[in-house]
Amino acid sequence: MGEALEKVATYLQPNPILALGIAFAAGFAAIKTVARDRKAGFILFLLIGVIGLFLGEFVLIYFGLDEYLETISQFRLLFDFIAAYIGSFGVAAIIHFIRPI
């Protein structure tokens, strides 16, 4: 598990601006999916997106799916966004369950 965490950190380090952009878009989409009537701020979108991106990439690396994604590297950003969205959706749903956003 520690090795997977280390791989995620090294994967996200080379281009942090792109990672933050993907995280923001995924956090925005996840929060709007979970609670579309409420207004949330930039910081909340980014925070949930970063956590979701980290969780999504961790799952991809932990289960060894990154090896398959390397063969179709043209779509890696799309798969990163999908993984970040699914992770962000889970985080936003848990937060919304505890305290509605």
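FYI, side chains are in, hydrogens and waters are out, and symmetry mates aren't considered; it's all heavy atoms of this structure.
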Student: State which residue, out of Glu67, Lys7, Glu6, Glu3, fulfils the side chain to side chain contact (heavy atoms under 4.5 Å, CB included) condition with Ile61.
Tutor: Lys7
Student: I need the Tyr68 OH to Phe63 CZ distance, nearest 0.5 Å.
Tutor: 13.5 Å
Student: If you group Ile, Leu, Val, Met, Phe, Trp and Tyr by side-chain heavy-atom gaps below 4.5 Å, do Ile17 and Leu46 land in one group?
Tutor: no
Student: Just how far is it from atom CG of Leu60 to atom CZ of Arg76, taken to the nearest 0.5 Å?
Tutor: 6.5 Å
Student: Evaluate the ring planes of Phe24 and Phe42, with Trp represented by its six-membered ring, and classify them as parallel (under 30°), tilted (30 to 60°) or perpendicular (over 60°).
Tutor: tilted
Student: Do you reckon Ile48 sits in the same ILVMFWY cluster as Phe97, going by side-chain contacts under 4.5 Å, direct or chained?
Tutor: no
Student: Checking Asp80 against Tyr11: is there a side-chain donor and acceptor pair closer than 3.5 Å?
Tutor: yes
Student: When rounded to the nearest 0.5 angstrom, what distance separates CD1 in Ile82 from CD1 in Ile22?
Tutor: 11.0 Å
Student: Is any side-chain heavy atom of Phe45 closer than 4.5 Å to a side-chain heavy atom of Lys32?
Tutor: yes
Student: May I ask you to list the residues sharing a hydrophobic cluster with Ile94, side-chain cutoff 4.5 Å, ordered by chain and number?
Tutor: Ile98
Student: What is the ring orientation for Phe89 with Tyr85, classed by angle as parallel under 30°, tilted 30 to 60°, or perpendicular over 60°?
Tutor: tilted
Student: Give a yes or no on whether Phe81 atom CZ has more than 12 heavy-atom contacts from other residues, nucleotides or ligands under 6.0 Å away.
Tutor: yes
Student: Within a strict 4.5 Å, meaning less than it, do heavy atoms of the Leu18 and Leu77 side chains meet?
Tutor: yes
Student: List the atom of Ser88, the atom of Leu53, and the distance in Å for their closest heavy-atom pair.
Tutor: OG-N, 4.4 Å
Student: Linking I/L/V/M/F/W/Y whenever their side-chain heavy atoms sit closer than 4.5 Å, directly or via other members, would Val91 and Ile43 fall into one cluster?
Tutor: yes
